[in-house]
**Student:** 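Shown below is the structure under consideration.
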Amino acid sequence: MIRLHNTKTRRKEAFVPLDPANVRMYLCGPTVYDRAHLGNARPVVVFDVLYRLLRHVYGADHVTYVRNFTDVDDKINATALARQQAGAPGSLEELIRERTEETIGWYHADMDALGALRPSVEPRATDYIAQMIAMIEGLIAGGHAYAKDGHVLFRVRSYKAYGALSGRSVDDMIAGARVEVAPFKEDPMDFVLWKPSDDELPGWDSPWGRGRPGWHIECSAMSYELLGASFDIHAGGIDLQFPHHENEIAQSCCAHPEGGFAQVWLHNEMLQVEGKKMSKSLGNFFTVRDLLDQGIPGEVIRFVFLQTHYGKPMDWTAEKAQVARNHLRRWWELLGPVEYHSVSKNVPSEVLNPVSNDLDTPGALAALFQLEKAGRFEEFASGAKFLGLLNSNEKRAEILSSKSLSDALNSKIEGIVRIWIEHRRNKNWEVADSLKTAMREIGIELVALKDNRSDWKHVDPDELDDSRQSSLEASLDELLRRFR
RNA sequence: GGCGGGUUGGCGGAGAGGUUACGCAGCGGAUUGCAAAUCCGUGAAGACCGGUUCGAUUCCGGUACCCGCCUCCA
C-alpha cells in the first residue's frame, strides 16, 4: 500500500487511484529560460522516485506522468528580443521557439544525468494556447472571470474555497497588504489569466486582443487536456503552493466543476546550499550543469537528494557529495558492470516499504546498507535499481573513472599505474614509493587494492583547472621516462 | 502582519507510543612491505517547560530559536 502526505488534507493518507488502469500525475515543470539550477532538480528526482513506485505497483503502462515546459515567460522574451535586435532572422515567436528548444535540450541532458526517467508527456505551454483561451472563455461565461482593458482576470471572490490548499483566507492576505493593486482589478486578490502584448512581446490573437496567457492558466489547461478534470496527483515545490497551485485549483474547479482536479497534492521542501538559501546575491547559486562540469557525477547528486526526505529542507554540501561518491564507488566495485549484476526479480520489501511510506528514500538507502552488510547482493542490486541507482555502465564510468580529465591524460596515468604495479609486484618498494611520492606531488594519489590491482585519485579534485592539466601532462611524461 | 514547516547522538539523517534506524567521523580489532581501501566489533541523542499515558524522542499545549511562502524563484 502506498501512503502519501497530502498537502490538501495535511495528513498522510492511503493512496487510492481514481483508475488503477491509468494512474495520472502532473508535475509543474521548468520555465525554460536558462539552465536548470540545483533546486530545480529536487522535485524532478523526488517525483521520479514516485513515478518509478507507481509504475512498479500499477504497471509501467498504467501510469501517465505529465511534466510541462513553461515556454511563455518574460525572461525568454528578453533573450529572444535581444537576438532579434542583434539581427537574428525570424519572428519573435520563432526566436522564442529557438531559445526554448535550446533550453529544453539542456534540461533533458541534465535531468537524464540525474537518472530521472522522462515523463510520459512533456507539453509546452505555447502548444496549448487555444485550450487556455477556451478555458478562459468558459470562466468568463461562468462569472468567474472578467475582461478589462485587454486583461482577463480571475474573480477570486467567486470561488469560495480559495485559500484552502495553502491555509489562507482572502481577507487575511489583503490584511497582509502584499498584493498588487492595479486599476483593472475588481479586487486586489484577483489574478491575471490573460494580458495584452505590445509589438515587442510574443502574442496570440484572442477575443481580448493580441496577448499572452498569465502564469497559472497553462497548468490548468494542459492538465485538463492530458489528464482530465479529475486526476490523482499534482506535485511541485512548496514555493508553488501559493499562489500558483491555489490559483490552478480555483481556475480548474471553476472551469470544470464536474471534476475534482487533483486528489493528492505533494510538495517538496526547498533546497539550501551549505546551510543557506541558494541565491545569486549570496554567490552560492549554481546549476546542475555546473556540478556535472566540476566532475560531480549525476548519480552522486541523485544519491545526496535521496538522503533527505522530500518534505524537509535539504542542504547540499560538498562533504555530502564526497561521502555519497565513496558509497557509490564501493557499490560499483562490489557489483561490477551492469551485465554482471545479478538482480533479484522482486524489489526487496526492505526497500519498497519505506518508499511506499511517503517516499522515505533515506529509509530505503539505509535498507540498501543493510542488504549490503548482510551479503544479500541480488536484492541489494534490485533495490538500488528501483531507486534509479547503479543501473547504467555510463554512470558507473563516471563514478569509477576519474574525474573530468582528457582521455590522453587518463591513459598516461593508467600507464604510470601499470609501472607502479609492476614495481610493487617485484617488491621494489623503494622505487614504487618514490614514484608514489612523485605522483602525490603533482596531485595524484596512487592507491593499492587487493589482488595486485590498483587505483588512483586526485589529492584535491577542486584544484584541477585547465592550466593545471597541461602542466600535469608534462610531469606525467617525465615520470613515464624516469620509471619505465 | 498572515500562513506553513523545523529543532534528534561530534556531524548528516529516518521510522515508530514501549524492542538496534542508517551513514560519516571516533574508538578497538583483523588485514596490509608502509599506507589507503576493505572487513568485524563498539560507545553516543532527541531545544526547553508542562500535560495525556503503566510508559513519549514519538500524541497535546506553551516558550525559545531557525527556516520557507505571502514579490510569476522548484
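Note that these values count all heavy atoms, side chains included, but never hydrogens, waters or copies made by symmetry. Naming convention: chains lettered A, B, ... in sequence-line order (proteins, then strands); numbering from 1 in each chain.
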**Student:** Determine the contact category for A:H37: base if any of its heavy atoms lies under 4.0 Å from a base atom, sugar-phosphate if only primed atoms, P, OP1 or OP2 are that close, otherwise nothing.
**Tutor:**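 Counting heavy atoms under 4.0 Å across all strands, the contact made by A:H37 includes a base.
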**Student:** Considering only heavy atoms from C-beta outward, does the side chain of A:I233 approach that of A:L54 to under 4.5 Å?
**Tutor:**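 They are in contact (side-chain heavy atoms under 4.5 Å apart), so the answer is yes.
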**Student:** Does the structure show a Watson-Crick or G-U wobble partner for B:U42, both distances under 3.5 Å? Name it, or say none.
**Tutor:**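 Result: B:G26.
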**Student:** Using the P atom in both, what is the distance from B:G68 to B:A56, to the nearest Å?
**Tutor:**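 One P to the other, the span is 35 Å.
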**Student:** Nearest of B:G23, B:A74, B:A14 to any side-chain atom of A:H327?
**Tutor:**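 Selected nucleotide: B:G23.
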**Student:** Which listed nucleotide (B:U7, B:A21, B:G12) is nearest to the side chain of A:K312?
**Tutor:**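 Nucleotide nearest to A:K312's side chain: B:U7.
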**Student:** For A:K12 and B:G15, give me the distance from atom NZ to atom C1', rounded to whole Å.
**Tutor:**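 Whole-Å distance recorded here is 8 Å.
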**Student:** Would you measure the distance from the P atom in B:U57 across to the matching atom in B:U20 and give it in whole Å?
**Tutor:**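 To the nearest whole Å, 16 Å.
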**Student:** Taking atom P of B:C70 as reference, at what distance in whole Å does atom OH of A:Y162 sit?
**Tutor:**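 Answer to the nearest Å: 12 Å.
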**Student:** For A:R3 and B:A14, what is the distance between atoms CZ and P respectively, to the nearest whole Å?
**Tutor:**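 That distance rounds to 18 Å.
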**Student:** Does the structure show a Watson-Crick or G-U wobble partner for B:C48, both distances under 3.5 Å? Name it, or say none.
**Tutor:** B:G62
**Student:** So do the side chains of A:D232 and A:Y26 get within less than 4.5 Å of each other, counting heavy atoms only?
**Tutor:** no
**Student:** From the options B:A14, B:C73, B:C70, select the nucleotide whose nearest atom is closest to the side chain of A:D239.
**Tutor:** B:C73
**Student:** Please state whether the rings of A:F191 and A:H216 are parallel, tilted or perpendicular, taking 30° and 60° as the class boundaries.
**Tutor:**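 A:F191 and A:H216: perpendicular rings.
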**Student:** Determine the contact category for A:N357: base if any of its heavy atoms lies under 4.0 Å from a base atom, sugar-phosphate if only primed atoms, P, OP1 or OP2 are that close, otherwise nothing.
**Tutor:** sugar-phosphate
**Student:** In whole Å, what is the span from the CE atom of A:M270 to the C1' atom of B:G68?
**Tutor:**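 Spelled out: CE on A:M270 to C1' on B:G68 is 8 Å.
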**Student:** How many whole angstroms separate atom CZ of A:F380 from atom P of B:G23?
**Tutor:**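 To the nearest whole Å, that distance equals 12 Å.
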**Student:** Of the listed nucleotides (B:A35, B:C72, B:A14), which one gets closest to any side-chain atom of A:W215?
**Tutor:** B:C72
**Student:** Quick one: are A:F380 and A:L335 in side-chain contact, heavy atoms under 4.5 Å?
**Tutor:**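 Touching, per the 4.5 Å side-chain cut-off.
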**Student:** Are A:W332 and A:H341, when compared by the centres of their aromatic rings, separated by less than 6.0 Å?
**Tutor:**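 Centroid separation for A:W332 and A:H341: below 6.0 Å.
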**Student:** Hey, do the aromatic rings of A:F154 and A:W194 have their centres closer than 6.0 Å?
**Tutor:** no
**Student:** With rounding to the closest Å, how many angstrom separate the P atoms on B:U7 and B:U58?
**Tutor:** 11 Å
**Student:** With the side chain of A:V323 defined as its heavy atoms from C-beta on, choose the nearest nucleotide among B:C39, B:A16, B:C24.
**Tutor:** B:C24
**Student:** Nearest-Å distance, CZ (A:F303) to P (B:C22)?
**Tutor:** 15 Å
**Student:** Indicate, with yes or no, if the rings of A:W208 and A:H151 have centres closer together than 6.0 Å.
**Tutor:**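 No, too far apart.
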**Student:** Contact class for A:L271 (heavy atom, under 4.0 Å): base, sugar-phosphate, or nothing?
**Tutor:** base
**Student:** Taking atom C1' in both B:G17 and B:G41, what distance in whole Å separates the two?
**Tutor:** 32 Å
**Student:** Whom does B:C69 pair with, Watson-Crick or G-U wobble, provided both distances fall under 3.5 Å?
**Tutor:** B:G2
**Student:** Looking only at the aromatic ring of each residue, does the gap between the centers of A:H267 and A:H245 stay below 6.0 angstrom?
**Tutor:**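 Centroid separation for A:H245 and A:H267: below 6.0 Å.
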**Student:** For B:G18, give its Watson-Crick or G-U wobble partner with both distances under 3.5 Å, or none.
**Tutor:** B:C54
**Student:** Tell me: CD1 of A:I301 to C1' of B:A74, nearest whole Å?
**Tutor:**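 My rounded result for the distance is 16 Å.
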**Student:** Please report the distance separating the P of B:A16 from the corresponding atom of B:A21, rounded so that it comes out in whole Å.
**Tutor:** 15 Å
**Student:** OP1, OP2 of B:C40 versus side-chain N and O of A:K373: anything below 4.0 Å?
**Tutor:** no
**Student:** Please pick, from B:C22, B:U38, B:C34, the nucleotide with the shortest atom-to-atom distance to any side-chain atom of A:F369.
**Tutor:**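 My answer, after comparing the listed nucleotides, is B:C22.
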**Student:** Using the P atom on both, measure B:G5 against B:U63 and round to a whole Å.
**Tutor:** 16 Å
**Student:** Work out how far the C1' atom of B:G33 is from that of B:G13, and round it to whole angstrom.
**Tutor:** 40 Å
**Student:** Name the nucleic acid region contacted by A:N40, choosing base, sugar-phosphate or nothing; use a 4.0 angstrom heavy-atom cut-off, strictly under.
**Tutor:** base
**Student:** Which of these nucleotides, B:G33, B:G13, B:C70, is closest to any side-chain atom of A:W429?
**Tutor:**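 Of B:G33, B:G13, B:C70, B:G33 is nearest to the side chain of A:W429.
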**Student:** Is the distance from OP1 or OP2 of B:G13 to the nearest side-chain N or O of A:K320 less than 4.0 Å?
**Tutor:** yes
**Student:** Expressed as a whole number of Å, how far does the C1' atom of B:C69 sit from that of B:G61?
**Tutor:** 26 Å
**Student:** So what does A:Q241 hit on the nucleic acid, given a heavy-atom distance under 4.0 Å: a base, only sugar-phosphate, or nothing?
**Tutor:**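 Here A:Q241 touches no strand at all.
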**Student:** Tell me which nucleotide among B:C39, B:G68, B:A14 gets nearest to the side chain of A:I238.
**Tutor:** B:G68
**Student:** Check this one for me: any side-chain N or O of A:K75 less than 4.0 Å away from OP1 or OP2 of B:C73?
**Tutor:**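 The answer is yes; a side-chain N or O of A:K75 sits under 4.0 Å from OP1 or OP2.
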**Student:** Once you apply the 3.5 Å cut-off to both distances, tell me the Watson-Crick or G-U wobble partner of B:A36, or none.
**Tutor:** none
**Student:** Looking at B:A35, B:A14, B:C70, which one has an atom nearest to any side-chain atom of A:F242?
**Tutor:** B:C70
**Student:** Tell me: CZ of A:R325 to P of B:G23, nearest whole Å?
**Tutor:** 22 Å
